[in-house]
Amino acid sequence: MSTAPRSKRYVRRPAATTSSCRSGFSERNPASLGSIWNSNVPIGANGTILNQHRKIVPTLYEKLVWTPGDGHGLRVVPTLLGHLGALICGENTNPLARYTLMAEAEQVPISTYPPL
């Protein structure tokens, strides 16, 4: 996760309002100057980052820019709303990604789509 001032501002906002949020962003890949990850983080009510999910497999033309992520962040996180899970764009049609979150008792599914 980036430590840029902009990302710190995202973390402060939920802490100031005692709410949770989920933020999607493009994350620079340090191994390559020309590719990025499509990432998503849930931010808890106290302002802490609860998880970091990188899109597992970019779809179609996304492969020209975005790098495949790993499955490390493919998990459900407990929040005040319930067990929160999120998938990015085409992952919502991936049965194994959906099953992974359902097997962890996901209660609040979130679907995010990057702006093109």
Side-chain angles (χ1 to χ4, degrees):
M1 170 77 186
S2 171
T3 57
R6 190 177 312 154
S7 63
K8 290 179 183 173
R9 185 173 56 211
Y10 280 123
V11 171
R12 282 196 310 265
R13 179 69 58 185
T17 61
T18 64
S19 62
S20 296
C21 72
R22 191 129 197 154
S23 178
F25 56 95
S26 293
E27 177 186 3
R28 180 179 288 163
N29 182 344
S32 171
L33 296 175
S35 63
I36 52 180
W37 284 297
N38 190 343
S39 300
N40 192 302
V41 295
I43 302 170
N46 61 357
T48 59
I49 294 175
L50 304 174
N51 186 22
Q52 181 175 357
H53 172 61
R54 294 178 177 145
K55 186 172 181 179
I56 299 170
V57 179
T59 53
L60 299 171
Y61 297 110
E62 293 176 349
K63 294 178 183 181
L64 296 172
V65 178
W66 283 297
T67 303
D70 53 19
H72 179 73
L74 192 60
R75 61 186 177 90
V76 172
V77 294
T79 67
L80 296 174
L81 291 171
H83 291 97
L84 196 74
L87 293 174
I88 302 168
C89 198
E91 289 179 326
N92 290 287
T93 62
N94 181 330
L96 289 176
R98 291 287 328 132
Y99 178 77
T100 300
L101 297 179
M102 286 187 272
E104 292 187 12
E106 176 187 48
Q107 295 171 312
V108 183
I110 295 178
S111 300
T112 59
Y113 296 85
L116 297 176

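Fair warning: this is a prediction, and the values are worked out from it, not measured in the lab.
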Quiz item: Would V57 end up clustered with L101 when hydrophobic side chains under 4.5 Å apart are linked, directly or stepwise?
Solution: yes
Quiz item: Of the non-hydrogen atoms in C89 and N92, which two are nearest, and what is the gap between them?
Solution: O-ND2, 2.9 Å
Quiz item: If you look at every heavy atom in T59 and G90, which pair is closest and at what distance?
Solution: CG2-CA, 4.4 Å
Quiz item: If you round to the nearest 0.5 Å, how far is CG of D70 from NE2 of H53?
Solution: 9.5 Å
Exercise. Look up atom CZ in F25 and atom CG in N38, then write down how far apart they are to the nearest 0.5 Å.
Key: 9.0 Å
Quiz item: What's the spacing between W66 CH2 and E27 CD if we round to 0.5 Å?
Solution: 13.0 Å
Quiz item: Are the side chain of E104 and the backbone of V76 linked by a donor-acceptor contact shorter than 3.5 Å?
Solution: yes
Quiz item: Roughly how far, to the nearest 0.5 Å, is CD1 of I43 from CD1 of I49?
Solution: 5.5 Å
Quiz item: Is there a side-chain contact between N94 and L87, using heavy atoms and a 4.5 Å cut-off?
Solution: no
Quiz item: Where is the tightest heavy-atom contact between R54 and G69, given as atom of each residue plus distance?
Solution: CB-CA, 3.9 Å
Exercise. Apply the side-chain contact (heavy atoms from CB on, under 4.5 Å) test between L84 and each candidate in P78, P109, P42; give the one that qualifies.
Key: P42
Quiz item: Near L33 CG, under 6.0 Å, is it more than 12 heavy atoms from other residues, nucleotides or ligands?
Solution: no
Quiz item: Restricting to pairs with a member in residues 75-89, which pass salt bridge (charged side-chain N to carboxylate O under 4.0 Å, His left out), not counting sequence neighbours?
Solution: none
Quiz item: In Å, rounded to the nearest 0.5 Å, how long is the span from CG of L96 to CD1 of I56?
Solution: 9.0 Å
Quiz item: How close do A97 and L74 get, heavy atom to heavy atom, and via which atoms?
Solution: CA-CD2, 4.2 Å
Exercise. Indicate yes or no for a side-chain donor-acceptor contact from W37 to the backbone of P68 under 3.5 Å, with no hydrogens or angles considered.
Key: yes
Quiz item: With the 4.5 Å side-chain cut-off for hydrophobic clustering, are L64 and L60 part of the same group?
Solution: yes
Quiz item: When rounded to the nearest 0.5 angstrom, what is the spacing between OG in S35 and NZ in K63?
Solution: 14.5 Å
Quiz item: Is R98 close to E106 at the side-chain level, that is, under 4.5 Å between some pair of heavy atoms?
Solution: yes
Self-check item: Heavy-atom closest contact (L81 atom, V108 atom, distance)
Solution: O-CG2, 4.0 Å
Quiz item: Are L50 and I110 in one and the same hydrophobic cluster, where Ile, Leu, Val, Met, Phe, Trp and Tyr link if side-chain heavy atoms are under 4.5 Å apart?
Solution: yes
